[in-house]
Amino acid sequence: MAQAAAQTRAVLLAVALCVLGLATGGLAQLKSGFYTGKCGGNDVETIVQGLVKARVARDAAIVAQLLRLQFHECAVNGCDGGLLVDGPGSEKTASPNLSVKGYDLITAIKTELERRCPGVVSCSDIEILATRDAVALAGGQRYAVRTGRRDRRRSSAADVRLPGAEDTATQTTSYFANLGFDQLETVVLLGAHTVGVTHCSKIKKTRLYSYGGKTGATDPSLHQDDAQVYKKYVCPNTAASDNNILYLDAQSSVSRLDNSYYKRLQGRHGVLSVDQNLYANGTSTKWHVDRLANTNDFYWLFPKTLVKLGEINVLTGTQGEVRRVCSRFN
């Protein structure tokens, strides 16, 4: 009887360890240098860096595009390559993702890696590595990332839930809290907008011409000088201006990862409501904006927060697959 009880305990322990392994296996199996020795004599991270460097040299906008791509990827089911998949009803077809760019660079990197070591490097790892390299090339701090992600065999537009351009600070921090980020990390992540752009269609109705649903009303939180310039030159109230570009930071700083974005929020120069709302009176995020504007903390906090973003709900080991082509399942 004692022997049977011991055997039962052993079985239960084995089951518990198995369950624990499944629960923690994803993150535990990510590691630095995962691809070392797995691509012949090729250094996977050096190959990625070279292709990103060449692209940034001729197209600085790719930095913002990769940052946005990583966020839209990792915020939906984790960093699993789901956003890269083509086809009806895929994540890529969801409304918030229709303006996402940078897919061509991911494809170019994947093609080169497949030529050198077929079926080894996942698409989800390529996204994370490419973004890391772009950040460094735009003046950000270079940071190490762990690799070993696998690509999920799921991509559904129905899964896509992303923050809105008009969200309040409370809505924004609540969204990011569900992803595991505290308020400071949330404000840091939005600092990616220092290299971002938007279009007039995003602010014409809500901030320039119909604030609060009132015809002709302008959002009082938008600096009056900015409002006048936008109305007169950039975003006149005609459909023809909808696709005109607005820089989310000072145009002189838009290709550089710096804390200028936060300084502009202090002066009511935030273009999108979701940004300016971080500095609204009475919000718990306002002092974080002040901290990031008045110190150099953004430079080391931003990479740290991107690393955390890049490790959300990853697949590893034998989970998922390593796609041969990023835009379709094997």
Side-chain angles (χ1 to χ4, degrees), residues 63-76 79 96 128 131-132 134-136 138-141 143 145 161-198 202-203 206-207 219 221-223 226 246-250 253-312:
V63 178
Q65 291 168 8
L66 288 174
L67 282 166
R68 187 164 184 245
L69 188 150
Q70 179 177 331
F71 173 65
H72 282 230
E73 173 69 81
C74 295
V76 178
C79 308
I128 302 303
T131 302
R132 184 269 304 272
V135 165
Q141 187 180 95
Y143 56 98
V145 296
R161 299 287 186 275
L162 292 163
E166 302 302 314
D167 282 359
T168 64
T170 298
Q171 290 171 321
T172 300
T173 54
S174 176
Y175 178 90
F176 281 92
N178 288 331
L179 295 177
F181 295 99
D182 61 29
Q183 290 192 0
L184 174 60
E185 291 169 331
T186 297
V187 178
V188 168
L189 277 178
L190 265 71
H193 287 175
T194 189
V195 291
V197 299
T198 189
K202 291 292 186 181
I203 70 166
T206 56
R207 301 203 75 192
D219 185 348
S221 71
L222 177 62
H223 196 287
D226 293 348
L246 290 166
Y247 294 98
L248 299 182
D249 198 351
S253 175
V254 77
S255 62
R256 240 182 9 256
L257 271 161
D258 56 27
N259 66 343
S260 172
Y261 160 84
Y262 301 104
K263 294 177 181 179
R264 288 182 62 78
L265 297 187
Q266 289 178 316
R268 294 193 296 117
H269 298 294
V271 178
L272 296 174
S273 293
V274 67
D275 292 328
Q276 192 59 55
N277 287 341
L278 296 176
Y279 202 66
N281 288 330
T283 60
S284 56
T285 53
K286 186 174 182 179
W287 79 276
H288 293 307
V289 173
D290 283 332
R291 171 185 172 180
L292 296 169
N294 300 332
T295 69
N296 290 322
D297 288 353
F298 175 72
Y299 293 94
W300 63 269
L301 284 170
F302 189 59
K304 181 180 178 182
T305 311
L306 283 179
V307 168
K308 183 173 179 177
L309 175 67
E311 296 192 354
I312 292 176

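Quick note: residue numbers are just sequence positions, from 1. Fair warning: this is a prediction, and the values are worked out from it, not measured in the lab.
- For the residue pair Ser221 / Arg207, a side-chain donor-acceptor distance below 3.5 Å is found, with atom types taken as modelled.
- Leu162 has its side chain within reach of His72: a pair of non-hydrogen atoms, C-beta onward, lies under 4.5 Å apart.
- Considering only residues two or more places apart in sequence or on other chains, Phe176 meets the ring-ring contact (aromatic ring centres under 6.0 Å, His included) condition with Phe71.
- Across all their heavy atoms, Leu66 and Thr131 have their closest contact at O-OG1, 3.3 Å.
- The closest side-chain donor-acceptor pair between Tyr299 and Asp258, if any, does not fall under 3.5 angstrom.
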Begin with the C-alpha distance, continue with both residues' side-chain angles, and end with the deciding distance and a verdict on side-chain hydrogen bond (donor to acceptor under 3.5 Å, both in side chains) for Asn277 and Thr172.
CA-CA 9 Å; Asn277 287 341; Thr172 300; over 6 Å; no
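- For the pair Arg132/Leu306, no side-chain contact is recorded, criterion being any heavy-atom separation below 4.5 Å from C-beta on.
- Of all the heavy atoms in Ala64 and Gly196, the pair that sits closest is CB-CA, 4.1 Å.
- The closest side-chain heavy-atom distance from Arg291 to Val187 is not below 4.5 Å.
- Between Gln141 and Phe302, every side-chain heavy-atom pair lies at or beyond the 4.5 Å cut-off.
- Side-chain contact between Leu292 and Leu301: present, with at least one pair of heavy atoms (C-beta onward) separated by less than 4.5 Å.
- When all heavy atoms are compared, the tightest approach of Thr198 to Lys202 is OG1-CG, 3.2 Å.
- Side-chain polar atoms of Thr206 and Glu166 form a donor-acceptor pair below 3.5 angstrom.
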